[in-house]
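Residues: numbered from 1 along the sequence shown. Counting convention: from 1, in listed order, for ligands and their atoms alike.
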Amino acid sequence: MHDDTPADGAARDGRRRIPRTDALLADPRLAEAARRLGRRPVKAAVAAAQRRARAGEIPPEAVADEAAATLPPTAAALRPVINATGVLLHTNLGRAPLSAAARAAVAAASGVTDVELDLATGARARRGRSALDALRERVPAAEDAHVVGNGAAALVLAATALAGDREIIISRGELVEIGDGFRIPELLAATGARLREVGTTNRTSPDDYAAAVGPGTGFILKIHPSNFRVTGFTRSAGIAELAGLGVPVVADIGSGLLEPEPLLPDEPDAQTTLASGAGLVTASGDKLLGGPQCGIVLGRADLVRTLARHPLARALRVGKMTLAALEATLRGPAAPTTEALHADPSELRERAEKLAAALTEHGVDASAVGSAAAVGGGGAPGVVLPSAAVSLPAHCAARLRLGDPVVMGRVENGRCLLDLRAVPPEDDAALAAAVRAVHE
Ligand SMILES: *Cc1c(COP(=O)(O)O)cnc(C)c1O
């Protein structure tokens, strides 16, 4: 036997003093965390903290603190983010944020709910019928409505149910890549439908479509080029010019505007598109509509029914929380995306100045500057929304990204800009607190 070195002895003493797992799990903070998060992550955090104490990295009496500090606020890893990028619909940030009314509706629907039941008769009812009613009320030109998982799913369902292995006639100017490498022509081809391309990149006339229509035609598809613009010597056929060709016209309007938006005159809307003669409109729920991720199908009753009764519809259907969020977005107060789009630039400037002044008082190098915001990948390419930002040193960007709450700004000309257009005014205090926290 040989003697322990003093260091070995101290380590062993330390180990003896490391609190046991059951004692740690009884700590009020960790017991509360277990109710919030489940026992598994709390036990894992406790074990990790005990290991650190055994390794001498933290003192034994800090084990409970360490375990509590490493636990996340909710059982899902997704973190709330303040979107100060100036991009209203940021795909990487989950596109449209839900309104308070929609969040409350989601919470209420997340338990057991009558999503597919008629409470008056006790019989099965059309799934999500009140959300579908809300869509029809907002878009009088739509005879019926259907909702699927996202805009791409709406296109897939339309292609499968209406074209099958027949042709979809589409302009070469509308063969669009929607993002992350996904291309609409490839998506449509994956359904087994055949694409019949007409016209050229810059010019397609109604005659081009008319010459292609025949017994093998499933439908004509119009895709709104939502993320780019072709200017110069261009021609494209309008819905009204195609509506008389004897085959259905399906219009993918992308952004989900239900009625015209004066601030975005080039963005198509469902009501006008259907009134012009489209048989079906497809759109995303989480772009300019400002609702949950979903794909909205509106239009002629027979076409909507063909989609809704197709076997594939069952694979693309949405959950009760999506239907609740959609209905509350349609019937409730203006969505945050709508508020952000309509925010008054002079009010944005005032908020930026107030925030910059308060931060300067705390020693932060902050100033209010003019900024240019954008709708984002969700639509309206080329539209500049005048805005205001708090300008900070560039190194703040990375720290704010790891802060609590997470703040996403954008780095421009060597400064970190926090653009306020997509930040709801009620988040200004949290934004200021997050900046001060990373400054200290
Ligand atoms: C965004 C978009 C899509 C895809 O919709 P998702 O909801 O993202 O699936 C399809 N077509 C157009 C024109 C779009 O803008």
Side-chain angles (χ1 to χ4, degrees), residues 87-98 131 135 145-160 162 168 170-191 193 195 204 219-230 236-239 249-258 261 264 266-270 272-274 278 280-299 307 312-313 315-319 322-323 325-326 329 335 337 341 374-383:
V87 178
L88 270 50
L89 298 166
H90 200 299
T91 301
N92 305 149
L93 299 179
R95 288 194 188 151
L98 294 181
L135 276 169
H146 182 64
V147 179
V148 291
N150 61 14
L155 271 179
V156 163
L157 186 57
T160 310
L162 300 183
I168 298 172
I170 184 169
S171 161
R172 292 196 171 88
E174 298 174 13
L175 300 171
V176 177
E177 177 168 318
I178 48 182
D180 197 24
F182 288 102
R183 296 170 168 176
I184 285 180
E186 292 170 1
L187 184 76
L188 295 170
T191 69
L195 291 192
T204 305
F219 59 90
I220 291 173
L221 178 61
K222 286 285 294 173
I223 306 262
H224 176 58
S226 55
N227 51 9
F228 70 102
R229 272 203 312 209
V230 179
S236 66
I239 302 286
V249 177
V250 176
D252 173 15
I253 61 169
S255 78
L257 282 181
L258 300 181
E261 168 53 69
L264 305 172
D266 294 335
E267 280 298 300
D269 66 280
T272 308
T273 306
L274 288 172
L280 276 188
V281 159
T282 67
S284 302
D286 55 352
K287 293 183 179 174
L288 287 168
L289 180 62
Q293 178 188 308
C294 63
I296 293 168
V297 180
L298 292 162
L307 266 63
L312 191 59
L316 303 176
R317 81 175 189 186
V318 290
T322 300
L323 291 163
L326 177 61
T329 302
T337 302
L341 182 66
V375 169
V383 172

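Assignment of Gln293 to the shell around ligand 1 is not supported, since no heavy atom sits closer than 4.0 Å. Residue contact annotation: Thr91 has no non-hydrogen atom under 4.0 Å from ligand 1. For the ligand labelled ligand 1, residue Lys222 lies outside the 4.0 Å heavy-atom shell.
Side-chain atoms of Asp252 and Val176, non-hydrogen and from C-beta on, never get closer than 4.5 Å to each other.
When non-hydrogen atoms are compared, ligand 1 lies under 4.0 Å from neither the backbone nor the side chain of Glu174. Residue Val176 does not touch ligand 1, judged by heavy-atom distances below 4.0 Å.
In the vicinity of His224, heavy-atom distances shorter than 4.0 Å reach the ligand 1 atoms 13 (C). Counting the atoms of ligand 1 from 1 in the order shown, those under 4.0 Å from a heavy atom of Ile184 are 10 (C), 11 (N). Atoms of ligand 1 lying under 4.0 Å from at least one heavy atom of Gly151, given by number and element, are 5 (O), 6 (P), 7 (O), 9 (O).
For ligand 1, the polar-atom distance check finds no N/O of Ser255 at less than 3.5 Å from any of the ligand's N/O atoms. Residue contacts with ligand 1: Arg95 is placed with a nitrogen or oxygen under 3.5 Å of a nitrogen or oxygen of the ligand (distance criterion only). In terms of polar-atom proximity, defined here as any N/O pair under 3.5 Å, Ala153 makes no such contact with ligand 1.
When the heavy-atom distances from atom 7 (O) of ligand 1 to Ala154, Pro225, Ser284, Gly254 are ranked, the shortest goes to Ser284. Taking all heavy atoms of Leu288, Leu187, Asp252, Leu155 into account, the minimum distance to atom 11 (N) of ligand 1 is reached by Asp252.
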